[in-house]
Amino acid sequence: MGLEIKSVLVVDGVGPRCAEILTSHGINVTTKAKISKEELLQEIPNHEALVVRSATQVTKEVLDAGINLKVVGRAGAGVDNIDVEAAAANGVGVINAPGANALSACELTCGLTLALARHIVPAAAALKDGRWERALYTGTEVFGKTLAVIGLGRVGREVAFRMNAFGMKVVSYDPYVPVDAYGESYGVRMELQEIWPIADYITLHMPLVEATRNFVNAEVFKQCKRGVKIINVGRGGLINELDLLEALQCGQVGGAALDVFEKEPPTDLLTWDVINHPSVLASPHLGASTKEAQVRVGEEIAEQLVNLVKPGTYPTPLAVVTQILGNA
Ligand SMILES: NC(=O)c1ccc[n+]([C@@H]2O[C@H](COP(=O)([O-])OP(=O)(O)OC[C@H]3O[C@@H](n4cnc5c(N)ncnc54)[C@H](O)[C@@H]3O)[C@@H](O)[C@H]2O)c1
């Protein structure tokens, strides 16, 4: 027996495929690209499910107002904009789409790695500024260099696989991946103390949890090769920003490409000092910002919702963040 979901509210500009899939299974959809808090509080009691991207804050107040709400779907990986504790307390299940943007995040990582190696961004900016500076922007090949992939989940293993094709020596570390799973496409498994002294590039792909906060810090930089380059398309907070700034200033770190920051958008002066450092290439959390990923996240959430109503309709697995009552 499936869950009864008659009506879904889809907000935050989730792609139209989400609504198309739901309506094709007889589920009513109300789509609001933008919704104010007041409008959301008024609208939410009419729906059994809510689909959000990142703009809408699903607070306790919203969850309390959703008297018929059974599921909140986050069209994306993180659930930072959903009060999951209040959802659990209200018996509202939370689901997400963790795999839908992995390729996009991986491709950004690969692009940033190459951009760091070849100074693509500053060289292009100089040329637009009328400066033809060939010697200044002489780069290095990535071929033959050692890339350390930390965290071999959905994104990290795709990065390892692709950068291996560039001829990089890929080494990796993920304490939760069984040793026998490592192979050509995962890179050579090493312990961190073995990785730091040999890596030319380090790319971070683990979650931000208590154990991984400030994972890369002054102690780590000290053990690294002078001039090491670091890429973070994972989460802000994995690198200690003050330690990074100091390591950039003294040349111990030769370059950093950062898509994620301690606070987003950054408000802290320190973060801006990091962003503005000449050896830093920074992007405003664009890892998942591709047309394909945006379509895929909407599809994944819609398919999961349909599966809750009509179990087994799609092969898409249910990505449960908090338990959905009636679907134990
Ligand atoms: N910039 C973006 O827009 C963007 C897009 C997608 C994902 N992300 C982030 O990238 C990261 C990876 O995403 P994913 O989908 O691959 O996640 P995932 O859950 O599939 O993989 C994370 C991996 O990290 C490993 N891990 C956990 N703790 C570790 C530790 N201490 N050391 C090394 N490895 C550890 C886990 O075993 C797992 O294999 C996440 O933080 C995610 O939020 C960012």
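We count ligands from 1, going down the list as the structure has it; atoms in each ligand are counted the same way.
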Pick out the protein N or O atoms lying less than 3.5 Å from any N or O of ligand 1, and list each pair with its distance.
{"from": "ligand 1", "atom 1": "1 (N)", "to": "Val233", "atom 2": "O", "distance (Å)": "3.0"}
{"from": "ligand 1", "atom 1": "1 (N)", "to": "Asp259", "atom 2": "OD2", "distance (Å)": "2.9"}
{"from": "ligand 1", "atom 1": "3 (O)", "to": "His285", "atom 2": "NE2", "distance (Å)": "3.1"}
{"from": "ligand 1", "atom 1": "3 (O)", "to": "Gly287", "atom 2": "N", "distance (Å)": "3.3"}
{"from": "ligand 1", "atom 1": "3 (O)", "to": "Ala288", "atom 2": "N", "distance (Å)": "3.2"}
{"from": "ligand 1", "atom 1": "16 (O)", "to": "Arg154", "atom 2": "N", "distance (Å)": "3.1"}
{"from": "ligand 1", "atom 1": "16 (O)", "to": "Val155", "atom 2": "N", "distance (Å)": "2.8"}
{"from": "ligand 1", "atom 1": "20 (O)", "to": "Arg154", "atom 2": "N", "distance (Å)": "2.9"}
{"from": "ligand 1", "atom 1": "20 (O)", "to": "Arg154", "atom 2": "NH1", "distance (Å)": "2.9"}
{"from": "ligand 1", "atom 1": "37 (O)", "to": "Asp174", "atom 2": "OD1", "distance (Å)": "2.8"}
{"from": "ligand 1", "atom 1": "37 (O)", "to": "Asp174", "atom 2": "OD2", "distance (Å)": "3.2"}
{"from": "ligand 1", "atom 1": "39 (O)", "to": "Gly153", "atom 2": "N", "distance (Å)": "3.4"}
{"from": "ligand 1", "atom 1": "39 (O)", "to": "Asp174", "atom 2": "OD2", "distance (Å)": "2.6"}
{"from": "ligand 1", "atom 1": "41 (O)", "to": "Met206", "atom 2": "O", "distance (Å)": "2.9"}
{"from": "ligand 1", "atom 1": "43 (O)", "to": "Arg235", "atom 2": "NH2", "distance (Å)": "3.3"}

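- The cluster map of Ile, Leu, Val, Met, Phe, Trp and Tyr, joined by side-chain heavy atoms under 4.5 Å apart, puts Val72 and Ile21 in different clusters.
- For the salt bridge (charged side-chain N to carboxylate O under 4.0 Å, His left out) condition, the pairs that include at least one residue of residues 261-283, sequence neighbours left out, are Arg213-Glu262.
- Contacts classified as salt bridge (charged side-chain N to carboxylate O under 4.0 Å, His left out) and involving residues 294-307 (residues at least two apart or in different chains) are given here: Arg17-Glu299.
- For residues 132-153, the pairs satisfying side-chain hydrogen bond (donor to acceptor under 3.5 Å, both in side chains) are Arg131-Glu133, with sequence neighbours left out.
- The aromatic rings of Tyr314 and His25 lie perpendicular to each other, with more than 60° between the two planes, well past the 30° mark.
- Grouping the Ile, Leu, Val, Met, Phe, Trp and Tyr side chains by contacts below 4.5 angstrom, directly or via other members, places Val220 with Leu248.
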